Amino acid sequence: MATLTLSAVKKQFGATQVLHGIDLDVADGEMIVVVGASGCGKSTLLRIVAGLETPSSGAVLIDGRDVTRLEPADRDIAMVFQNYALYPHMSVFDNMAYGLRIRGMPTAEIRRRVGEAAEMLEISQLLDRKPRQLSGGQRQRVAMGRAVVREPKLFLFDEPLSNLDAKLRVQMRAEIRRLQKRLGVTSLFVTHDQVEAMTLGDRLVVMHQGRAAQVASPMEVWGTPADTYVAGFIGSPAMNFLAASISDAGRSASLKAGPTLPFADGARAGADGSTITIGIRPEHVEHRPDGADALPLAVELVEPLGSETVIHGRLPGGESLVARLPIAAGHIGETLPVRLPPEAWHVFSAEGVRLPARAAVPA
Amino acid sequence: MRDTTAEDLALARATERRQARSRWLAHAVLGLGVLVFAFPIWITLVGSTHDVNTIGRGDVPLWFGGEAVANYVSAWLTGGAQTRTTLGVPVWLMLWNSLNMAVLIAVGKIAISLLSAYAVVFFSFPGRMVCFWLIFITLMLPVEVRIIPTFEVMVNLQLTNSMAGLVIPLVASATATLLFRQFFLTIPDEYVEAAKIDGAGPLRFFKDVVLPLSVTNIAALFVILFIYGWNQYLWPLLIVSDKDLETVVVGMTKMIGSGDQQNEWNVIMATAVLAMLPPVAVVILMQRWFVKGLTETEK
Amino acid sequence: MRKKVIFNGVALPYLLLLPQLVITAVFFFWPAGQAIYGSFLREDAFGLSRDFVGLENFADILSDPNYLGAVWNTVIFSSAVAFSALGVAIFLAVQADKAIRGSGAYKTLLIWPYAVAPAVAAVLWLFLFHPQIGLLGRFLNGIGIPWDYKVNGNQAMLLVIIAAAWKQVSYNFIFFLAGLQSIPRSVLEAAAIDGARPTRRFWTVIFPLLAPTSFFLLVVNIVYAFFDTFGTIHALTQGGPGQATTTLIYKVYVDGVQNLNFGASAAQSVVLMAIVIALTAVQFRFIERKVHY
């Protein structure tokens with residue numbers, strides 16, 4: 001059991017700055033998911049924690065102990081790789097026992113630990129097999145087992161589910177979560193899949209271009225995204241962004257699509273006329289057959305999903321909007337009355353940073 | 001929770017030292033390796049720039065002398081001074097023969113292997129597998145093994161002392177055929193189907209699709225086979241007694257007589273340098289293709 | 001393995017195969033057949049007639065101490081060449097595989113000796129170890145080690161081994177490097193995280209995973225030492241002093257070309273063929289089984 005602290009971790013490969021200074025505090029037993037598009041630096045971050053890369057500057061502390069310059073072997077960590085990285089010439093048992101043998105553990109203890117882990121992961125009957133005789137899901141379990149038997153301070157997961165088919169992925173996801181909770185081992189999980197991130201993490205680190213765009217719980221990230229990147233990355237279909245400007249002394253927004261509507265949660269700082277972006281999630285767009293406060297959405301594409309319908313269309317002024325409606329509605333070419341409720345708005349500055357409501361609106 | 005202790009700091013320092021040591025070891029080992037590899041060449045290169053007496057006395061110098069031009073000119077034009085026992089064949093002629101032999105062997109092997117691999121892969125005909133195995137078995141009959149009877153065949157065919165005799169028996173190659181077969185098998189069936197739909201016959205398909213796709217393989221193979229041809233020794237030694245057909249690798253060793261004192265070491269060294277220059281240049285300049293050719297023909 | 005979609009025609013494929021088949025028949029199968037046939041014949045003292053003598057030629061060479069000496073020399077020579085060339089090459093390849101500055105240049109500088117002909121390699125080492133003109137030969141004599149490979153059989157053997165192995169290291173190096181690079185990086189990282197230090201990592205993970213490469217190379221090196229080193233020996237020692245460096249292939253040449261002993265040479269050729277066939281068979285068996293994977 002341990003904490004993990006990253007302070008101002010930077011990494012450069014040649015002239016390319018991959019990490020621009022990451023700070024992170026992970027509590028004991030916490031599961032942190034680092035999520036981002038490919039090339040955002042998330043894997044590099046994980047590899048720095050593992051000791052497979054050395055940061056250009058900054059420090060990595062495990063359990064308060066500075067391990068920045070130490071090799072992986074001296075960090076007491078375990079890692080599950082994307083391609084599992086099982087030793088192809090060793091049996092499943094030997095794969096799991098390898099790390100323990102290196103640490104000079106007595107044979108009986110090794111047997112006990114491997115047996116327990118195999119039991120837990122339901123791979124006891126596979127212990128004599130070679131990795132090539134296993135299915136993808138079984139290899140995944142062995143890779144997990146190899147990490148579990150070590151009883152390390154820290155679990156590191158490098159996109160471990162991305163080589164599995166969709167059904168297995170959902171199953172293993174739940175299993176990893178259960179296992180991590182049961183063992184209570186502090187974990188860092190890297191993925192590009194937002195669903196994985198939302199379902200697995202106690203907290204998420206959303207990475208963007210080598211920076212941590214937001215570090216927060218999944219619901220916080222979804223409910224109050226720190227910037228337009230996070231807002232667009234988390235949630236599916238992605239959040240709509242509409243151009244607008246501040247008006248009415250900061251109390252309202254004039255949408256480019258037409259109406260001027262008051263902010264539901266309070267006024268924003270900024271001069272009237274300054275550009276802002278209004279974000280609204282597709283599931284918050286309302287269908288208003290009665291036409292109240294409605295904007296006309298010219299339907300361009302209808303995706304019926306059974307329980308709901310995703311509609312792609314265009315607002316007056318030409319901006320596109322995606323709506324997720326709980327009904328079967330819309331035909332291509334039709335104009336649908338929709339409402340963009342201000343209470344569901346996310347307000348961002350021209351630079352894309354979240355604009356919170358001012359605590360008290362001065363008179 | 002515990003803090004970073006003096007022990008940890010010592011560990012960090014030890015780790016850094018170990019990593020530095022590992023890098024240092026790599027440089028030392030590789031540097032030494034490079035030196036060992038280069039040393040004989042260096043000595044030869046240096047030796048080829050000194051006069052014959054310096055070398056003959058055994059005062060082997062480690063740095064270049066001033067006789068380079070004289071030695072190389074002498075080797076190039078006459079194959080050494082006539083006052084000593086020499087082969088009397090100018091090195092330019094030997095190089096020319098080696099070049100001819102190496103290029104003809106490489107081109108010949110590639111040409112007949114391309115054709116036979118194409119036949120075996122893209123056609124179905126009675127005896128297909130028999131033909132394939134006949135070619136395959138030749139892997140197990142290197143020229144060195146059947147040298148005497150092959151020589152007798154050459155005598156019967158009156159091919160000794162001819163460029164054709166040097167080249168043709170070395171042109172059949174199971175390795176090249178196997179490589180092309182392997183590669184042709186990876187050409188998708190759809191290409192053949194498309195060609196058939198377009199009305200292209202097998203020869204047209206060969207010329208328009210198969211050949212262009214094989215360019216890298218041909219280049220890689222050429223590098224390997226050029227070196228193979230250039231470095232032939234036993235076969236030319238046996239088949240050629242005519243001095244006008246002498247190749248440089250064999251010719252150079254013939255320049256070394258059994259009575260040491262008479263050897264014109266400086267010219268021999270110059271000839272050795274000239275003999276290894278072409279294949280070494282090919283390997284260095286075409287390193288990528290060379291490595292590809294080597295690792296793929298053998299696997 | 002064969003293609004599903006193929007061209008029709010019978011004449012054309014035969015025509016395409018013709019050059020290869022003709023050369024193969026004339027220069028491979030005919031001589032090989034001659035060798036087998038000839039191994040059962042013996043020429044009389046004047047070379048006038050050849051009589052069928054059954055397996056006598058084989059019996060003769062197998063009871064000839066000179067031939068058995070050549071067998072022994074070949075075993076010593078090929079195992080020394082193979083193991084030293086493999087050992088040095090794997091060590092160099094592991095170092096060159098490290099992410100260090102200039103590893104590309106090192107690789108180029110270690111690869112090129114492959115291009116040097118065996119006979120030229122022999123002459124290069126002759127320049128070094130010649131007792132009168134060679135830098136190292138004179139040095140050895142200077143410090144009181146009597147060095148003359150033209151007199152001392154063991155020294156001659158050592159010299160041909162060095163010259164033959166020197167050249168083969170490059171070849172092995174290329175293959176070991178390719179083998180190392182085909183080991184998934186993550187497997188090595190997993191071992192590092194499991195706590196294995198570099199030395200242990202090498203012996204427990206890298207070396208076992210290189211086993212198929214090593215085995216393949218072992219066979220190739222033995223074949224090289226058997227057959228491709230004729231030039232090395234011919235240029236350096238001509239099988240001498242005495243018979244000290246006469247290997248099987250050199251003896252075929254000596255008996256066939258110099259001594260004109262037709263039957264013995266043919267029988268030796270047949271034995272060599274059997275050896276190559278055995279080596280090739282072993283090699284293909286193993287490649288098919290793909291050790292480990």
Side-chain angles (χ1 to χ4, degrees), chain B residues 23 26 29-30 33-34 37 40-41 43-44 47 55-56 58 60 112 115-116 118-119 121-125 131 134-135 138-142 144-150 153 168-169 171-172 185 189 192-193 202 227 231 233-234 249 253 260 265 272 275-276 279-280 283-284 287 291 294-295, chain C residues 1 3-7 9-10 12-13 16-17 19-21 23-24 27-28 30-32 34-35 92 95-96 98 100 106 108-120 123-125 127-128 132-133 135 138 174-175 178 198 227 230-231 235 249 252 256 265 269 272-273 276-277 280:
Chain B
R23 275 195 302 277
V29 167
L30 293 168
V34 168
F37 275 85
I41 313 270
I43 290 297
T44 309
I55 305 170
V60 188
I112 69 167
L115 294 180
S116 52
Y118 186 67
V121 172
F122 286 96
F123 290 87
S124 172
F125 54 92
C131 290
L134 283 178
I135 295 168
T138 59
L139 261 188
M140 305 184 185
L141 297 171
E144 286 81 4
V145 168
R146 53 193 165 78
I147 193 84
I148 310 302
T150 312
V153 170
I168 294 173
V171 152
L185 285 173
D189 285 350
V192 188
E193 282 168 348
I227 294 166
N231 290 349
Y233 187 84
L234 177 54
V249 172
T253 57
D260 302 321
W265 289 113
M276 64 185 147
V280 169
V283 162
I284 289 178
Q287 189 178 336
V291 171
L294 200 61
T295 46
Chain C
M1 187 181 169
K3 290 196 119 51
K4 291 191 294 287
V5 186
I6 42 158
F7 290 107
V10 173
L12 185 60
L16 294 173
L17 276 164
Q20 175 106 337
L21 288 180
I23 293 174
T24 305
F27 299 106
F28 283 74
W30 186 12
Q34 287 280 315
L92 287 172
Q95 303 302 327
K98 286 184 189 168
I100 55 166
Y106 283 129
T108 306
L109 289 172
L110 289 170
I111 280 174
W112 61 262
Y114 173 81
V116 178
V120 177
V123 173
L124 297 180
W125 285 95
F127 291 151
L128 270 183
Q132 278 90 45
I133 67 151
L135 186 70
R138 281 169 59 91
I174 293 167
F175 276 87
F227 303 109
F230 174 84
I249 193 74
V252 174
S265 162
S269 286
L272 282 175
M273 274 184 230
V276 191
I277 288 170
T280 318

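So that the names make sense, note that chain A is the first sequence line, chain B the second, and so on, each numbered from 1. Just so you know, these numbers come straight off a predicted model, no measurement behind them.
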In this structure, CG of L134(B) is separated from OG1 of T24(C) (nearest 0.5 Å) by 8.0 Å

Cut-off 4.5 Å, heavy atoms of chain C, and the answer for I148(B) is side chain

Within-4.5 Å side-chain heavy-atom neighbours: L17(C) and I135(B):
yes

Check your understanding: According to the interplanar angle, ranging from 0 to 90°, do the rings of Y118(B) and F123(B) count as parallel (below 30°), tilted (30 to 60°) or perpendicular (above 60°)?
Key -> perpendicular

Rounded to the nearest 0.5 angstrom, the CE-OG1 distance for M276(B) and T44(B) is 5.0 Å

Heaviest contributor of heavy-atom pairs below 4.5 Å to chain C, chosen from I43(B), V249(B), T138(B), is T138(B)

Okay, S265(C) and chain B: the region with an atom under 4.5 Å from a heavy atom over there is side chain

So, the part of L12(C) with a heavy atom under 4.5 Å from chain B: the answer is side chain

Heaviest contributor of heavy-atom pairs below 4.5 Å to chain C, chosen from C131(B), G33(B), P169(B), A275(B), is P169(B)

From the list V252(C), L128(C), L109(C), the residue making the most non-hydrogen contacts under 4.5 Å with chain B is L128(C)

(Q) Between Y106(C) and L92(C) (side chain of the first, backbone of the second, donor and acceptor by atom type, cut-off under 3.5 Å), is there such a pair? (A) no

Honestly, the part of V123(C) sitting under 4.5 Å from a heavy atom of chain B is side chain

Of the listed P19(C), P113(C), A178(C), P198(C), the one with the largest count of heavy-atom pairs under 4.5 Å with chain B is P113(C)

The interface call for L234(B) against chain C, heavy-atom contacts under 4.5 Å, is both

Honestly, the part of L110(C) sitting under 4.5 Å from a heavy atom of chain B is both

Taken to the nearest 0.5 Å, the spacing of T108(C) OG1 from I284(B) CD1 works out to 7.0 Å

Rounded to the nearest 0.5 angstrom, the CG-CD1 distance for L124(C) and I41(B) is 5.0 Å

Cut-off 4.5 Å, heavy atoms of chain B, and the answer for L21(C) is side chain

Heavy atoms of Q20(C) and S116(B) approach each other most closely as CD-OG, 3.7 Å

Whatever's closer than 4.5 Å to a heavy atom in chain B on A119(C) counts as both

